[in-house]
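Down below is the structure, laid out as structure tokens.
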Amino acid sequence: MLFDIDGTLVAGGPAKEAFRLALVSVFGTAGPIRLHEFAGKTDPQIARELLGRAGLSAEEIEAGFPRLWDAYVEELTRRLPETPMERLPGVPELLVALEEDPGAGLGLVTGNIGEGARLKLESAGLAACFPEGVGGFGSDDERREYLPRLAMMRAADRWGLDFDPGSVVVVGDTPRDVDCGKKNGTRTVAVATGRYSRQELEEAGADVVLGDLSRVAEVAALLLDD
């Protein structure tokens with residue numbers, strides 16, 4: 001099971017402000033960040049869009065990326081203790097139930113850079129539920145559709161198994177989560193705990209759409225049904 005993080009497992013937190021401050025410190029601008037759409041995008045994609053709209057060249061953006069991620073992680077680390085991520089309904093109980101099932105393997109597919117993902121999950125007390133390194137992150141590739149395949153490869157290395165895409169499920173809260181799973185042949189479960197409605201997620205083609213993850217036994221059975 002490959003889970004998205006923001007809007008799927010957790011909400012809130014200081015990430016957007018940390019991102020803004022990091023952009024300003026490295027590039028002198030955060031572009032039109034107040035109205036920019038973040039949902040379902042990778043961190044590098046978001047930064048590239050904002051900075052491009054602020055007039056920076058592709059070369060300038062690329063050259064500043066290493067410093068940007070360092071600054072972002074620093075800002076996030078500073079702010080998370082005061083404003084931790086909030087766990088969404090049913091999430092801790094669901095992850096525990098899946099961990100206890102011998103047929104389940106947990107991983108991540110998220111637009112967050114790897115260190116940002118770890119910090120967010122740690123702040124919500126969820127990091128221990130996910131094996132280290134099993135996932136696809138925005139720091140691996142800014143094109144989200146490439147991340148499920150990478151996550152499956154890392155899962156295969158960890159558990160010594162080849163994962164047929166049909167036995168994998170991508171769980172997320174945006175049409176982009178659904179799209180990246182469908183492009184890799186996985187099952188897709190969408191949860192309407194982010195900014196998208198059930199209707200929008202159904203129209204995106206999700207195999208299953210849930211209001212939230214609070215009906216733990218039913219959701220676990222659904223995810224384990226391969």
Side-chain angles (χ1 to χ4, degrees), residues 1-27 30-51 65 67-96 106-130 132-140 142 144 147 170-177 180 190-197 201 210-214:
M1 294 91 181
L2 300 175
F3 285 86
D4 172 55
I5 295 178
D6 296 287
T8 301
L9 299 176
V10 299
K16 189 168 185 177
E17 179 63 6
F19 204 78
R20 184 188 71 81
L21 291 168
L23 284 166
V24 171
S25 70
V26 173
F27 294 99
I33 193 169
R34 299 296 183 192
L35 300 177
H36 196 72
E37 177 57 61
F38 277 49
K41 298 179 182 178
T42 64
D43 286 347
Q45 178 186 1
I46 294 165
R48 200 178 297 279
E49 289 173 352
L50 288 169
L51 295 168
F65 266 3
R67 290 183 292 127
L68 174 63
W69 307 130
D70 287 345
Y72 172 58
V73 167
E74 182 178 340
E75 295 289 352
L76 199 57
T77 301
R78 181 180 299 124
R79 285 165 173 73
L80 277 169
E82 294 183 359
T83 317
M85 307 301 296
E86 301 170 7
R87 297 182 293 193
L88 287 167
V91 166
E93 297 84 358
L94 175 63
L95 295 180
V96 168
L106 299 183
L108 298 164
V109 165
T110 173
N112 285 279
I113 61 170
E115 184 65 4
R118 184 187 69 81
L119 289 168
K120 287 182 177 182
L121 290 174
E122 278 190 352
S123 83
L126 301 176
C129 298
F130 294 93
E132 185 176 355
V134 178
F137 305 90
S139 44
D140 294 317
E142 65 186 82
R144 196 179 188 103
L147 301 183
V170 169
V171 185
D173 66 295
T174 77
R176 293 183 177 93
D177 297 304
C180 80
V191 56
T193 44
R195 67 173 300 275
Y196 290 93
S197 67
L201 295 169
L210 304 171
D212 60 30
L213 300 175
S214 62

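All residue numbers refer to positions in the sequence shown, counting from 1.
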query: Given side chains that start at C-beta, do those of Leu108 and Ile5 come closer than 4.5 Å, heavy atoms only?
result: yes
task: Kindly check if the number of other-residue, nucleotide or ligand heavy atoms within 6.0 Å of CD (Glu37) is above 12?
output: yes
Heavy-atom pair with the smallest gap, counting every atom of Ala39 and Arg176: O-NH1, 2.7 Å
query: Between Phe137 and Ile113, what is the shortest heavy-atom contact and its length?
result: CB-C, 4.3 Å
task: Please work out which of the three classes, parallel, tilted or perpendicular, describes the rings of Phe65 and Trp69, given edges at 30° and 60°.
output: tilted
message: Treating Ser25 as the side-chain partner and Ala22 as the backbone partner, does any N or O pair qualify as donor plus acceptor under 3.5 Å?
response: yes
Interatomic distance, Asp177 atom CG to Asp6 atom CG [nearest 0.5 angstrom]: 10.0 Å
query: To the nearest 0.5 Å, how far apart are CG in Leu88 and CD in Glu86?
result: 8.0 Å
message: Applying the side chain to side chain contact (heavy atoms under 4.5 Å, CB included) criterion to Leu106, which one of Leu95, Val134, Leu2 satisfies it?
response: Leu95
query: Any side-chain heavy atom of Leu126 sitting closer than 4.5 Å to one from Val91?
result: yes
message: Regarding Arg195 and Asp173, does a basic nitrogen lie under 4.0 Å from an acidic carboxylate oxygen?
response: no
- prompt: Is there a donor-acceptor pair under 3.5 Å between the side chain of Ser214 and the backbone N or O of Pro89?
  reply: no
message: Restricting to non-hydrogen atoms, name the atom on Phe130 and the atom on Gly107 that form the minimum distance, rounded to 0.1 Å.
response: CE2-O, 3.5 Å
- line: For Gly114 and Ser139, the nearest pair of non-hydrogen atoms, with its separation, is N-OG, 2.9 Å
field: Candidate pair Phe3 and Val170, rule side chain to side chain contact (heavy atoms under 4.5 Å, CB included), full reasoning
entry: CA-CA 6 Å; Phe3 285 86; Val170 169; over 6 Å; no
- request: Identify the heavy atoms of Thr110 and Ala117 that sit nearest to each other, and give their distance.
  value: CG2-CB, 4.3 Å
task: To the nearest 0.5 Å, tell me how far Asp4 CG sits from Asn112 CG.
output: 8.0 Å
- request: Please round to the nearest 0.5 Å and tell me the distance separating atom OG of Ser123 and atom CZ of Arg87.
  value: 10.0 Å
Candidate pair Arg20 and Arg34, rule side chain to side chain contact (heavy atoms under 4.5 Å, CB included), full reasoning: CA-CA 9 Å; Arg20 184 188 71 81; Arg34 299 296 183 192; 3.7 Å; yes
query: Any salt bridge between Glu142 and Arg48, counting N to O under 4.0 Å?
result: yes
query: Looking only at atom types and distance, does a side-chain atom of Thr83 sit under 3.5 Å from a main-chain N or O of Leu80, one as donor and one as acceptor?
result: no
field: Identified side chain to side chain contact (heavy atoms under 4.5 Å, CB included) partner of Leu51 from the options Ile46, Leu23, Val26
entry: Leu23
field: Between CZ on residue Arg79 and CG on residue Leu119, distance to nearest 0.5 Å
entry: 13.5 Å
field: Reported CD-to-CD distance for the pair Glu115 and Glu122, which is rounded to 0.5 angstrom
entry: 8.0 Å
- prompt: Does the pair Glu49/Lys41 count as a salt bridge with the N-to-O cut at 4.0 Å?
  reply: yes
query: Hey, is the main chain of Arg144 close enough, under 3.5 Å, to the side chain of Thr42 for a donor-acceptor pair?
result: no
Minimum heavy-atom distance between Cys180 and Val109, given as atom pair plus value: SG-CG1, 4.2 Å
- prompt: Mind checking whether Glu17 and Phe19 have side chains closer than 4.5 Å, heavy atoms only?
  reply: no
